[in-house]
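Here the structure is laid out as structure tokens; the discussion comes afterwards.
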Amino acid sequence: MRAGTRRAGTGTWDRFAASDPGLLRLMAGLRTVAAIALTLLVLALLGTGVTYLVAGAMTAMVSTFAIKERQVRDQAITLALGLPVALAAISLGALLSTRIIAGDVLFIALIFAAVYSRRFGERGTALGLIGFQVYFVALFVGARPAGLPVLWATLAIGFVCSAIVRFAVVPETPQRELLRLRDAFRARLAQVVTSQIELLDAAPEQLDKVLDDLRRRTARLHEAALMIQSRLEEGTRDAATAALLQRRVADAEITTERLGVLLLNARSAESADTLTLHLPNAPVPATGNLVTAADGDVIGTLRRDLNALHLLMARAGTDDRGTALAHVRNRLLGYRDEERLPRASDAVQDVFRGIGEVARAVLGLRLALDGPQDESSDSPATTRSREEFDAEDVSLTGPEESEEEDRTGLRRPTTRAAFQVSVGSVLAIIGGEFLSTQRWYWAVLTCWVVFLNTASTGEILVKGYRRVLGTVLGVVAGVVLAGLVGHHTWLAFTLVLVFIFAMFFTAPLSYALMSFFVTAMLGLLYTLLNKYSFDVLVLRIEETALGAVCGIIAAVLVLPVHTDRRTDELLGTVLDRLGDVVSAAVEQLSGGPASDLLSKARDLDTALDDLRDSTKPLTHPISPLRVRRRTVRYLVALLETCAYHARSLAATAELVPQSRTVAPDPRLGRAGRRIAHNIEVIAARVKDERTEGEVESGASIASMLRTDASGAPHSDTVTARVLRHLQRLDEGVAGLARPLGVPVADRAERRAAQD
């Protein structure tokens, strides 16, 4: 009974850890709420008034969430520098409270400096944010020169409480973040396998839902892998360890995703398209009979082994006791040997091979994360896998530093954004003064916020729309809560803490939801300050809408970055990175020199992630251009499919130099040249370079590499492993040509024309 309860609790926690990778949102919310609660406690014990309680709470919140640096030492330095910046901002806000024009001019200058300071990295971003937000606090609480001594003490207490919580109560280090991300990655691996088991057993009418779940969980697995890769260098002891973990995480992700494709292929009446796992609402492939005459009762074995694989993933390395788990692992690894495969159709045998590869990846991940393990129960297949890992570890090097894009002047994103926000804020101040001479700053705040973490006009438009929607709903909640709370001060502060936690926990998920909690919280703060009225909350909606409109106008008229241009730039970058990975991987697969494929694959994933984010305005439901929305979704899904096959090629290429059984194949270079040429032609067209090149098509990759009468490559070459990835990659790259308007020339037709 107790064991069952413990397992249920572990499963629930794993699902939560998978939904919040690394518990980053949970820790951010807890840290901010704890800092505010400690500040309120100290100020209450000192007997300060409600106004100073509000100022202290807002200061603690700002000084906590503004600092994003990873290393503890860097966080401490930025926090120490932030206090004088905050004191200067609150002082200027109080001294200029009666000098409207001078105060407005200073506010605009502060906004420009806060945005421009982002070019100096995390510290510049944090200090700029602290300066702007604390000046806003001065406006919100109505700071005056006479109250400055108490305000200075309040701000100092807020910073000290933030430091205590950050470094003692809820400490955060890169190593702890990486440890939690590791647990989240393991949980998401197990969730993907759960969906794959459901795919095996799903009835035809259930296939749509199961595939949707599989797509979503596969995307979340990729998200967790990217988050781990972004924290490897700070969270590990050296570059070699970071490179090792990066390789093992990539192996586990690639092999698990490939297992889903193989299962889908086994369930389909004909060869399944990998695009099905990357395109939302993609048509479900026609399903055939999974059990053919050659399969017999092997599907029961397949279901058992998928559950065994789920067990391997769900169990932490420290939970491995006895020989039962080792026996399961040995059996699954045995499927990497042809003689261990059950008698079944080729498609089902491919699934068993895929299970063996995933089991190998899980073993490698455990070795990298948990160190050496008991080898007394190893089978020959397990021993061989360990030897392969040892050989790979010797060849791995640390990740290379990525080159920064060299932009100067107004072409620099931070400089351009600073001018845009400043112009938008001027418009917001002028318009806000017409609406309210006392609370015009809400329009400025909205204008500022809609520019944060946005890079194009479309992104600003969508963010402004979400801000207004969340504000309207938050006003409704604020009206209800103000009536319920009344003058119960500490109940109101308790609800404020709840909303602040919800605000930080939901921020990465939904900007509209975050805006809802912000507005509801402000309604409670106005109640505490005895400034609440229904008219004030309606004014909040009007000022928010005005600020969003001013931000959009500034984005359109001042140094605009149109969404189409932004996405074209990022699309060109993705194609360049894709070409780098494919060319380097094929060269190594052909017997060429080894290269740092891990860094190239990581650069591809990062570029694709940036492109996916930039296309959100084009795929948003409010977009009236439905045809373009479908085209963009198709292009992104096709690029994700190409990236998956490119990562698979890179992972296989890194196995070749250490493999004792698989030899390189020089003939792969011919297939690689066609794919590389097609990528170059498409990239040139996207970048508006003058080119008359055409995408080549014609003979399939399989026919180009045919080596014997049966048409199958020899099993002792790497061709047998990468043939499917090359074929899908060739088809995917050619598929990009049509929606991008790149001409396609059939090789046979071209030869006929030449004759």
If you look only at pairs with a residue in residues 27-42, which of them pass as a salt bridge (charged side-chain N to carboxylate O under 4.0 Å, His left out), with sequence neighbours excluded? R31-E172
Greater than 12 external heavy atoms within 6.0 Å of L45's CG: yes
Could you pull out all residues at least two apart from E542 that satisfy salt bridge (charged side-chain N to carboxylate O under 4.0 Å, His left out)? none
So which of L87, L79, L81, V85 actually passes side chain to side chain contact (heavy atoms under 4.5 Å, CB included) with L83? L87
Any donor-acceptor pair under 3.5 Å linking the side chain of T78 with the backbone of Q75? no
For G82 and I130, which heavy atoms make the closest approach, and how far apart are they? O-CG2, 3.8 Å
Using distance only, find each side-chain donor-acceptor pair of residues 472-482 under 3.5 Å and give its atom names and separation, not counting sequence neighbours.
none

Identify, with sequence neighbours excluded, every residue that meets ring pair (Phe, Tyr, Trp, His ring centres under 6.0 Å) alongside Y441. F136
Main-chain N/O of F516 paired with T519 side-chain donor or acceptor, under 3.5 Å: no
Any residue meeting side-chain hydrogen bond (donor to acceptor under 3.5 Å, both in side chains) with W442, in chain and number order, not counting sequence neighbours: Y526
Residues forming a side-chain hydrogen bond (donor to acceptor under 3.5 Å, both in side chains) with E122, sequence neighbours excluded: none
So, taking the atom named CG in L461 and the one named CZ in R466, what distance separates them when rounded to the nearest 0.5 Å? 10.5 Å
Residues I430 and F434: closest non-hydrogen pair is O-CD1, 3.0 Å
With a 4.5 Å heavy-atom cut-off, do L127 and F120 have their side chains touching? no
Looking only at atom types and distance, does a side-chain atom of R25 sit under 3.5 Å from a main-chain N or O of F505, one as donor and one as acceptor? yes
Can you list every pair that meets salt bridge (charged side-chain N to carboxylate O under 4.0 Å, His left out) and has a residue in residues 73-94, with sequence neighbours left out? D74-R123
Kindly indicate, with the supporting measurements, whether the criterion salt bridge (charged side-chain N to carboxylate O under 4.0 Å, His left out) is fulfilled by D183 and R180. CA-CA 5 Å; D183 293 338; R180 292 198 302 270; over 6 Å; no
Closer than 3.5 angstrom, by distance alone: can the side chain of T125 be matched with the main-chain N or O of G121 as a donor-acceptor pair? yes
Return the set of residues passing side-chain contact (heavy atoms from CB on, under 4.5 Å) with V496 (not counting sequence neighbours), or none when no residue passes. I500, M521, L524, L525
Measuring only between side-chain heavy atoms, which start at C-beta, is D609 closer than 4.5 Å to H222? no
Kindly write out the residues that satisfy side-chain hydrogen bond (donor to acceptor under 3.5 Å, both in side chains) with Y116, not counting sequence neighbours, or none if the list is empty. R119
Just wondering, are more than 12 heavy atoms of other shown residues or ligands nearer than 6.0 Å to CD1 in I100? no
Once side-chain contact (heavy atoms from CB on, under 4.5 Å) is applied, do any residues pair with A102, and if so which ones, sequence neighbours excluded? L96, R99
Could you pull out the closest heavy-atom pair between C447 and G424, with the gap in Å? SG-C, 3.4 Å
A side-chain contact here means heavy atoms from C-beta on lying under 4.5 Å apart; do V115 and F419 qualify? no
Minimal heavy-atom distance between Q420 and V558, with the atoms involved, is NE2-O, 2.8 Å
Side-chain donor-acceptor pairs of residues 138-155 under 3.5 Å, sequence neighbours excluded:
from: W152; atom 1: NE1; to: S91; atom 2: OG; distance (Å): 2.9
from: T154; atom 1: OG1; to: V150; atom 2: O; distance (Å): 2.8

R166 (side chain) donor-acceptor with T64 (main chain) under 3.5 angstrom: yes
For T506 against F517, the heavy-atom pair lying closest together: OG1-CD1, 3.9 Å
Using modelled atom types and a 3.5 Å cut-off, is there a donor and acceptor pairing between side-chain atoms of T48 and backbone atoms of L43? yes
Only counting residues at least two apart or in another chain, list the ones meeting side-chain hydrogen bond (donor to acceptor under 3.5 Å, both in side chains) with R566. none
If you look at every heavy atom in S614 and L611, which pair is closest and at what distance? OG-O, 2.8 Å
Test item: L445 and R467 side chains (from C-beta on) under 4.5 Å apart, heavy atoms: yes
